[in-house]
Amino acid sequence: MYIYDSVKKEKREFIPLQEGKVSLYVCGPTVYDDAHLGHAKSALVFDLLTRVLRANGYDVTYARNITDIDDKIIKKAQEQKREIKEITDFYTDSFHSEMALLGVNRPDIEPKATESLEAMFAMMQKLIDSNHAYRTEEGDVYFDTASDSEYLSLSKRVQEEDERQERVESSSLKKNPADFALWKSVKDDSLTFDSPFGKGRPGWHLECSAMIEKHLATDDAPFAIDIHGGGADLLFPHHENEAAQTRCSSNHALANYWMHNGFVNINGEKMSKSLGNSFFLKDALKEYDAEVLRFYLLSTHYRSNFNFNTEDLTIAKKRLDKIYRLKKRLFGLADNSDTTEFQTKLLEALSDDMNVSSALALIEEMLSSANETLDTAGKHKALKKETISNLKYIETLLGFGVKNPYEYFQFGVDDATQEKLATLIEQRDAAKKEKNFEESDRLRDEILAFGVNLMDTPVGTFWEKI
RNA sequence: GGUGCCAUCGCCAAGUGGUAAGGCCGCAGCCUGCAAAGCUGCUAUCCCCAGUUCAAAUCUGGGUGGCACCUCCA
């Protein structure tokens, strides 16, 4: 298994801290709004990673947090005059159900910030005790970046005097403009938590470090966890700060490997609220089959930026269709459980820093070769079993082709239309039997007008939603 | 301004030293009553310049052109 380490900036062989075990932590969503395509991409990438690690025989513990303490959540609660918990529960639930539709497996641990306060307090106290953090007169607690000689080693940023000056806030009591908040004291009656440091709210960065320490870290290793993942934008300042907190409050560094997934752009533009082109997952799911979205979002390398557009999405559907057509061709037959050469190669491709493009090339070669043999006369009993086994392997490893193939091709077609189509196909078959091709072609045009494709096969006529 | 990434067929996209995967589109053919689906065949020398090497898309230097982060962000 090879992983590109986005801090060391090179592909490294993956060697776990503990033999046979992997601890993985990924920064999850802040639950104040619906998930957009970027959240989907990140969740899918690390879902694939856990699948590949497990296929390689590792015992994986995957944690992804839910940030349910945040200024944006509080703001939304105040605007909508709703309880904080009502908002965070709502968006946590919708996140879960949308991810489930995409075939994203639930992480093993999903810690919430609200449930991890004790761990945050403990870490903060250690940082204060070791002079890596300080309290201001206003009651805030800041991390003292000057106290950490390795600060900025992750993002390789260089702090310049000009920049420092620029970012000084007049009211701030920070020693250094780069210092970030561990605890923000709050005087008003908005969402606050009691702590040994007074009433207030924890800083965002502290959350992740504390939860990793609480749920995943092992004491005797040089790193708290094997792999830390997240979106490319989180490297600075979020991951930089996380790493500093962990490093300065414990005897280990944070993560041995860092993985950052690329961004999802919409038609070449960055998704953002100011551009008004945020693409919510729930809207995409109304228009497109969830598995097509899964396939599409995973079809290019996780580190590249992803340019979402409907043309490429249509191509992704065509590619997934091919898997389902072969599945349909072999529907209902039993598989053979032996590991095939195809399966070995597929896992090998995905174990090379998740090279999905190579994996898809292997899959499409396998599909072509299987179809070619099935096109020739004969029973091909062994090949059929092997192919079904291959398809099942693809389902498990990549989550492609998991549905009933007949239902897959009926996405978005209501029952009434399906009945109409069945009737029209019956009439067309009758016309064909009488060799009344003029009538059968007329009926075919009528059928195609429903936005479906028609295909005559030896076992009957089928339609597929385009 | 700082840091970093990228540039491969019309489009999407692998490949990081040994002579260009795969998909979409297109063309030709097989199959089909005709189609659709499926199958077969055909289609690029890798942004530019210079260098290293027996050998470079792949390494080095320079250029040009994109993009990201540096503020909350997956």
Side-chain angles (χ1 to χ4, degrees), chain A residues 6 9-11 26-30 32-33 35-46 64 67 70-72 75 152 155-160 162-163 166-167 178 204 229-238 240 260-265 268-273 278 281 296 299-307 309 311-322 325-326 328-329 349 352 355-365 367-376 432 435-438 440-441 444-445 447-448 452-458 461-464 466:
Chain A
S6 43
K9 301 205 183 297
E10 61 182 14
K11 205 187 271 186
V26 176
C27 295
T30 300
Y32 72 102
D33 205 348
H36 58 232
L37 292 174
H39 293 106
K41 169 89 180 172
S42 179
L44 283 165
V45 163
F46 293 103
R64 183 185 60 206
T67 299
D70 185 272
D71 288 352
K72 291 189 286 290
K75 195 178 161 212
L152 299 182
S155 57
K156 317 259 190 319
R157 292 187 71 235
V158 180
Q159 204 128 43
E160 292 189 2
D162 290 354
E163 190 189 3
E166 219 172 272
R167 301 199 187 283
W204 173 44
D233 55 328
L234 296 179
L235 180 57
F236 185 87
H238 185 52
E240 185 75 60
H260 291 96
N261 65 274
F263 263 56
V264 178
N265 297 325
E269 279 190 318
K270 187 185 164 169
M271 225 191 312
S272 78
K273 288 201 169 142
S278 283
L281 187 52
Y296 178 42
S299 64
T300 65
H301 196 92
Y302 74 91
R303 274 188 280 126
S304 309
N305 280 342
F306 189 92
N307 186 24
N309 63 84
E311 295 83 63
D312 291 344
L313 180 66
T314 306
I315 291 166
K317 181 188 179 307
K318 285 184 182 179
R319 297 181 82 168
L320 184 58
D321 284 354
K322 288 157 80 148
R325 288 207 187 95
L326 184 59
K328 203 159 78 170
R329 222 173 157 172
D352 181 14
N355 192 332
V356 180
S357 290
S358 287
L360 289 179
L362 287 167
I363 288 173
E364 270 148 1
E365 278 163 15
L367 296 178
S368 288
S369 144
N371 274 320
E372 187 186 0
T373 309
L374 292 173
D375 279 349
T376 62
K432 275 176 66 182
K435 302 228 184 283
N436 184 353
F437 295 126
E438 205 175 305
S440 74
D441 286 353
R444 179 166 59 199
D445 287 343
I447 292 165
L448 262 39
V452 301
N453 251 347
L454 206 57
M455 41 198 68
D456 297 324
T457 77
T461 300
F462 298 100
W463 58 269
E464 294 181 354
I466 295 168

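Lettering of chains follows the sequences in order, A, B, ..., and the numbering in each one begins at 1. Just so you know, these numbers use all the heavy atoms, side chains as well, and skip hydrogens, waters and symmetry mates.
Residue A:N453 places no side-chain N or O under 4.0 Å from the OP1 or OP2 atom of B:A36. Within the structure, a side-chain polar atom (N or O) of A:K318 is placed less than 4.0 Å from OP1 or OP2 of B:C25. For A:K322 and B:C24, the shortest distance from a side-chain N or O to OP1 or OP2 is below 4.0 Å. For B:C69, the OP1/OP2 oxygens have a side-chain nitrogen or oxygen of A:K270 closer than 4.0 Å.
Of the listed nucleotides (B:U40, B:G38, B:C70), B:G38 has the atom at the smallest distance from the side chain of A:R329. Closest approach to the A:M455 side chain among B:A37, B:U40, B:G23 is made by B:A37 (side chain taken as heavy atoms from C-beta onward). Nearest to the side chain of A:S440, among B:G33, B:A74, B:G22, sits B:G33.
The separation of B:A74 from B:G62, taken at their P atoms, amounts to 37 Å, rounded to a whole angstrom. Separation of the C1' atoms belonging to B:C46 and B:A37 is 34 Å when rounded to the nearest angstrom. Taking atom C1' on both B:G66 and B:C48, the two are 15 Å apart, rounded to the nearest angstrom.
Donor-acceptor pairing under 3.5 Å, judged by distance alone, is present between the side chain of A:R444 and the base of B:A35. For A:R157 against B:C69, a side-chain-to-base donor-acceptor contact under 3.5 Å is absent.
Side chains of A:N261 and A:L44 form no contact here, defined as non-hydrogen atoms less than 4.5 Å apart.
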Using a 4.0 Å heavy-atom cut-off to protein, can you give one letter per nucleotide of nucleotides 8-19 of chain B, 5' to 3': B if the base is in contact, S if only the sugar-phosphate is, - if neither? ----SSSS----

